[in-house]
Amino acid sequence: MEHYNMNLTLKVWRQKNKDSKGNFETYKVAGISSEMSFLEMFDVLNERLITEGQEPIAFDHDCREGICGMCSMYIDGKPHGPWQQNTTCQLHMRAFKDGDTITVEPWRATAFPVIKDLVTDRSAFDRIIQAGGFISVNTGNAVDANALPIEKRKADDAFAAAACIGCGACVAACKNSSALLFVGAKVSHLALLPQGGPERKTRVLDMITQMDKEGFGACTSTGACEATCPKGISITNIARLNQEYLVASLTASE
Amino acid sequence: MIDAKIPSGQLEDKWTEYKGHCKLVNPANKRKIEVIIVGTGLAGASAAASLGELGYKVKAFCFQDSPRRAHSIAAQGGINAAKNYQNDGDSVFRLFYDTIKGGDYRAREGNVHRLAEVSANIIDQCVAQGVPFAREYGGLLSNRSFGGTQVQRTFYAAGQTGQQLLIGAYQALERQIALGNVKMYSRHEMLDVVKIDGKARGIIARNLVNGELERHFGHAVLLCTGGYGNVFYLSTNAMGSNVTAAWKAHKAGAYFANPCYTQIHPTCIPVSGDHQSKLTLMSESLRNDGRIWVPKAKGDNRKASEIPEEERDYYLERRYPAFGNLVPRDVASRAAKERCDEGYGVGSSKQAVYLDFAAAIERYGKIEAGKHGADHASAEDIRKLGVDVVKEKYGNLFDMYEKITGENPYEVPMRIYPAVHYTMGGLWVDYELMTNVKGLYALGEANFSDHGANRLGASALMQGLADGYFVAPYTVGNYLADEISVKAIPTDHPAFIEAEKAVSDRINTLLSIQGKTTVETFHKRLGKIIWNKCGMARNAEGLREAIRDIQELKAAFWSDVRIPGGVNEFNPELDKAGRVADFIELGELMCIDALNRNESCGGHFREEYQTPDGEALRDDANYMYVAAWEFKQEHEWELHKEELVYDVIKPSQRNYK
Ligand SMILES: Cc1cc2nc3c(=O)[nH]c(=O)nc-3n(C[C@H](O)[C@H](O)[C@H](O)COP(=O)(O)OP(=O)(O)OC[C@H]3O[C@@H](n4cnc5c(N)ncnc54)[C@H](O)[C@@H]3O)c2cc1C
Ligand code: SF4
Ligand code: FES
């Protein structure tokens, strides 16, 4: 792979705290290597800003290998940027060319208020899990792990749904700020496994109630969530969620 | 000599006996007892959930925005357990034995046996929580083999085992939060332990969103704050992983054990330039099929494909004909470093070696062609068939490699280099996981207890969950049973006021320096010193230099660091500054410990102590002890020794030739 250096213009959302208004600032960065990751470019810019006596740009990140779900930048109109099935931290600068202008914003959703610059508060997701995204089994209550065989296909589907990293890109991509892909993934993960059976109905009802309370919007099936999800969480999980919800609400009112 | 309080009796009965006789707290009293848990990785989340279920009032802390994002999430390969589902001869004893041997006879028998005993319960618990482990067509759990063992005992969920285990523990924790048994403090950083009458009674934490300092009382404090690999600056750890919580405990009196035991993993994606912020692991399993080589000529700048076979040096196969590319981690890492140091490295940085799959692709291709009866298949067809086999085995790793480097590893050899990824050293704890400070515990990677001088693959996840789900609930209860009469201490107690003031003073000092050099620059400098002089190979002279260099770096840091922003705001640079300041102090102790240990064992390789053919040479007569360091004053520590007694296993020199 040939490496190249580039000069870029960045338009970055700056917002002092959750109560201030915020605006775009423009920065020129020079000599960016195509081998850098997108966040390493931000590191370079931040080092310069600090040396110049300016405030560095705040952004969330931790693992930098696409698994913790912490990084969250809305890059040129797409959560996590231009690559398919990719997180911001795994985006590399060879996705761009010399002279490009790149616009970077935080996730935008009522349920994800901005804390500072590109950092948002996604604790709403934790509260949705608290509402029912678990199996009620205390430590020590378990039977032997092989006592209950699980059909491989179901186990694989459960795993595929469980791969969600809770990043919130699906919400940021959706024009209604719906969280259904995230909730659908969790409901599917647990509904597909026999261990999740006993709480199947209450789980879906409680999680949806909490989701609505947090201020996420309705789903109009645009598919933007699936297209942007870094872990390839399938929209069929939303279909399964709807089905679970329907069954649960019908039988609940019996 | 310090006493680890290992129960007497036969090795296999110790834990059962302990559980049968430890003190209990009745349910009514549990409700009045508060426990602080710092960290919500596998160790912390499992402990918080379990203690919450038992009825204690738990407060849990993490610095990420959600407990689900702890560094444990990044573990790839798997988790060991002595289930013997494969009927291949595994047992509690064998897991115990492999772990002791893998640790190069520097771990405690009692602790490791307990770990092996509870390992099976972990898998049961996780499956019950809905952790989607890989399964066979019959619906039963699947296992893979991992380094250092002859049985298949590793449970896994594709390449995302850590993620799935942590989500399981996180969900159990969120359930306790919903029930009101646990109160969660995300985006909070613990900055000191509060001690009253010699016992840990709380912490000072900083709210990272608004910068405010908070005082929290607890009858006991559990530190589950992970490892200190980022002292090297570059490692496979998450960016935020740090030693601060453990270091504050150390400064408050807790011993720090074996800090020089660090593990360097041989197959990681190499550094691509000065901008590099972290390193990414490529699973060790790749060495089953990849051949490692460098050019025979120094500074050869040709592309790999232009270097003919006879001009390649397959140095592991050359040096270790018996094990070849499958030598243990430490040996493979040191050999790669040796070649690069000598000027044979490849890639633009010259700090890399090739991991080549061409031979494997051809071999598998021929086998496949044979299966299809295509004896005269063209070279191109064979290649295609071979690529498919390799894709099936390692596809996700190859994709990850391509994302990061932009190179297609099916076409060109991977470039790899060793990187820091685990720390065996940590806070000294006794059998009950209590540090020498009463009421202060350390769980998971933050303690030193189970892996000796070298950890086996897939054993860290096992230890974190063992500590949190199955050990701490008993041992912490044993302590708390004597604390039931202690009323919650109000946080206007002088000890809290004093601790908070010390934290606040330090933060203000840091901000007032307003020098010229960024925190990141200091961290990089520290990393270079430690990597070069206390990394894969160490010697007395280098370590003495490193100690001087680090002392100078510390002075420079405290007079020239530049931290932007203020105290009462979201200020990641300030957070990082505090962590780097602590790493600098830890770095000095690491070098002191490495200098003290005049032997080579596991991850600690002293160049002066090797066999004639370059293998690690232990000195059991003089160094069969845990080095537990007590902080005295700046640049001064006192060494306490815990003798390691092997009642069951007879230590021998590891030999891989
Ligand atoms: C790339 C990689 C792959 C790995 N793969 C495997 C594998 O396949 N199998 C295996 O067994 N092991 C593996 N390991 C090792 C294993 O992942 C870790 O050792 C283990 O997960 C550590 O868990 P922990 O709970 O001790 O700490 P962590 O998961 O590191 O959690 C630390 C917690 O402490 C919190 N914290 C830290 N400091 C503070 C503070 N001051 N205040 C408040 N909170 C704080 C953090 O927020 C976090 O919640 C791997 C490691 C790496 C780097
Ligand atoms: S569903 Fe996909 S986009 Fe949404 S939170 Fe999960 S991983 Fe992120
Ligand atoms: S930083 Fe962890 S997913 Fe990007």
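Between Arg135(B) and Asn146(A), the side chains place no donor N or O within less than 3.5 Å of an acceptor N or O (distance only, hydrogens not considered).
At a 4.5 Å heavy-atom cutoff, the contact between Gln76(B) and chain A is made by side-chain atoms alone. Neither the backbone nor the side chain of Ser123(A) has a heavy atom closer than 4.5 Å to any heavy atom of chain B. Residue contact with chain A, scored on non-hydrogen atoms closer than 4.5 Å, is absent for Met184(B). Heavy atoms of Leu148(A) lying under 4.5 Å from chain B belong exclusively to its backbone. In this structure, chain A has no heavy atom under 4.5 Å from any part of Gln514(B). For chain A, no part of Ser142(B) is nearby; none of its heavy atoms comes within less than 4.5 Å. When heavy atoms are compared at a cutoff of 4.5 Å, Lys154(A) does not approach chain B at all. For Gln85(A), the part lying near chain B is the backbone, with the side chain staying farther off; criterion is any non-hydrogen pair under 4.5 Å. Interface remark: Ile115(A) contributes side-chain atoms only to the contact with chain B (heavy atom separation under 4.5 Å). Looking at Leu465(B), there are no atoms closer than 4.5 Å to chain A (heavy atoms on both sides), in backbone or side chain. Using a 4.5 Å cut-off between heavy atoms, Asp43(A) contacts chain B through its side chain alone, with no backbone atom that close. In this structure, the portion of Ile167(B) lying under 4.5 Å from any heavy atom of chain A is its side chain and not its backbone. If you measure heavy-atom distances from Lys16(A) to chain B, the contacts under 4.5 Å come from the side chain alone. Residue Thr120(A) touches chain B through its backbone alone, counting heavy-atom pairs closer than 4.5 Å. The contact between Tyr85(B) and chain A is made entirely by side chain atoms (from C-beta outward), counting heavy-atom distances below 4.5 Å.
With a 6.0 Å radius and a threshold of 12 heavy atoms from other residues, nucleotides or ligands, Asp19(A) has its CG atom above the threshold. Other residues, nucleotides and ligands contribute only 12 or fewer heavy atoms inside 6.0 Å of the NZ atom of Lys97(A). Applying the 6.0 Å contact sphere to OH of Tyr27(A) captures more than 12 heavy atoms from other residues, nucleotides or ligands.
Separating the CD atom in Glu573(B) from the CD atom in Glu55(A) is a distance of 10.0 Å, to the nearest 0.5 Å. To the nearest 0.5 Å, atom NZ of residue Lys278(B) and atom SG of residue Cys89(A) are 8.5 Å apart. Atom CG in Asn237(B) sits 9.5 Å away from atom CG in Asp62(A) (nearest 0.5 Å). Rounded to the nearest 0.5 Å, atoms OG1 (Thr280(B)) and CD (Glu65(A)) are 5.0 Å apart. Put simply, CG on Asp126(A) and CG on Leu173(B) are 9.0 Å apart, with the number rounded to the nearest 0.5 Å. Between the CD atom of Gln160(B) and the CZ atom of Phe159(A) there is a distance of 4.0 Å, given to the nearest 0.5 Å.
Chain B forms more heavy-atom pairs under 4.5 Å with one residue of Glu35(A), Lys116(A), Arg64(A) than with any other, namely Arg64(A). Chain A forms the most heavy-atom pairs under 4.5 Å with one residue out of Ile123(B), Leu281(B), Val412(B), Leu141(B), and that residue is Leu141(B). The greatest number of non-hydrogen atom pairs below 4.5 Å with chain A, out of Gly240(B), Ser272(B), Gly138(B), is found for Ser272(B). Of the listed residues (Ala158(A), Gly133(A), Ala155(A)), the greatest number of heavy-atom pairs within a distance under 4.5 Å of chain B belongs to Gly133(A). Per-residue heavy-atom pair counts under 4.5 Å with chain B were compared for Gly132(A), Gly166(A), Gly196(A), and the maximum is reached by Gly166(A). In terms of heavy-atom pairs under 4.5 angstrom with chain A, the leader among Ala157(B), Pro572(B), Ser348(B) is Ala157(B). Ranked by non-hydrogen atom pairs under 4.5 Å with chain A, the options Val519(B), Thr521(B), Thr518(B) are led by Thr518(B). In terms of heavy-atom pairs under 4.5 Å with chain B, the best-connected choice from Asn86(A), Leu192(A), Leu193(A) is Asn86(A). For chain B, the option among Lys186(A), Arg127(A), Met41(A) with the highest count of heavy-atom pairs below 4.5 Å is Lys186(A).
With sequence neighbours excluded, no residue forms a ring pair (Phe, Tyr, Trp, His ring centres under 6.0 Å) with Tyr170(B). The side chain to side chain contact (heavy atoms under 4.5 Å, CB included) search around Ser34(A) returns His3(A), Tyr4(A), Met6(A), Arg94(A), not counting sequence neighbours. A search for salt bridge (Lys or Arg N to Asp or Glu O under 4.0 Å) contacts involving Asp156(A) returns Lys152(A), not counting sequence neighbours.
Ion pairing between Asp60(A) and Arg187(B) holds under the 4.0 Å rule for side-chain N and carboxylate O.
Glu40(A) contributes a side-chain N or O that, together with a main-chain N or O of Ser277(B), makes up a donor-acceptor pair within less than 3.5 Å. A donor-acceptor distance shorter than 3.5 angstrom exists from the side chain of Gln125(B) to the backbone of Gly140(A), with no hydrogens or angles considered. Remark: side-chain polar atoms of His189(A) are not paired, donor with acceptor, to backbone N or O of Pro132(B) under 3.5 angstrom. The backbone N or O of Lys403(B) lies less than 3.5 Å from no partner atom in the side chain of Gln90(A), so there is not a single donor-acceptor pair. When atom types are taken as modelled, the side chain of Gln163(B) and the backbone of Ala163(A) share a donor-acceptor pair closer than 3.5 angstrom.
Evaluated for a side chain to side chain donor-acceptor pair (under 3.5 Å) with Ser136(A), the options Arg175(B), Gln171(B), Glu53(B) yield exactly one hit, Arg175(B).
Across every non-hydrogen atom of Ile135(A) and Gln129(B), the tightest pair is CD1-O, 3.4 Å. Nearest approach of Ala128(B) to Val137(A), heavy atoms of both residues: O-CG1, 3.7 Å. Taking both residues in full, the closest heavy atoms of Ala145(A) and Val127(B) are given as CB-CG2, 3.8 Å, listed atom of the first, atom of the second, then distance. The shortest non-hydrogen separation linking Ile50(A) to Arg562(B) is O-NH1, 3.0 Å.
Contact check for Met93(A) versus His275(B): no side-chain heavy atoms found under the 4.5 Å cut-off. Looking at Asp144(A) and Lys83(B), their side chains come closer than 4.5 Å, going by heavy atoms from C-beta outward. With contacts defined as side-chain heavy-atom distances shorter than 4.5 Å, the pair Asp117(A)/Phe570(B) does not qualify.
Residues of residues 64-74 of chain B lying under 4.5 angstrom from chain A, judged on non-hydrogen atoms, are Gln64(B), Asp65(B), Ser66(B), Pro67(B), Arg68(B), Arg69(B), Ile73(B), Ala74(B) in numerical order.
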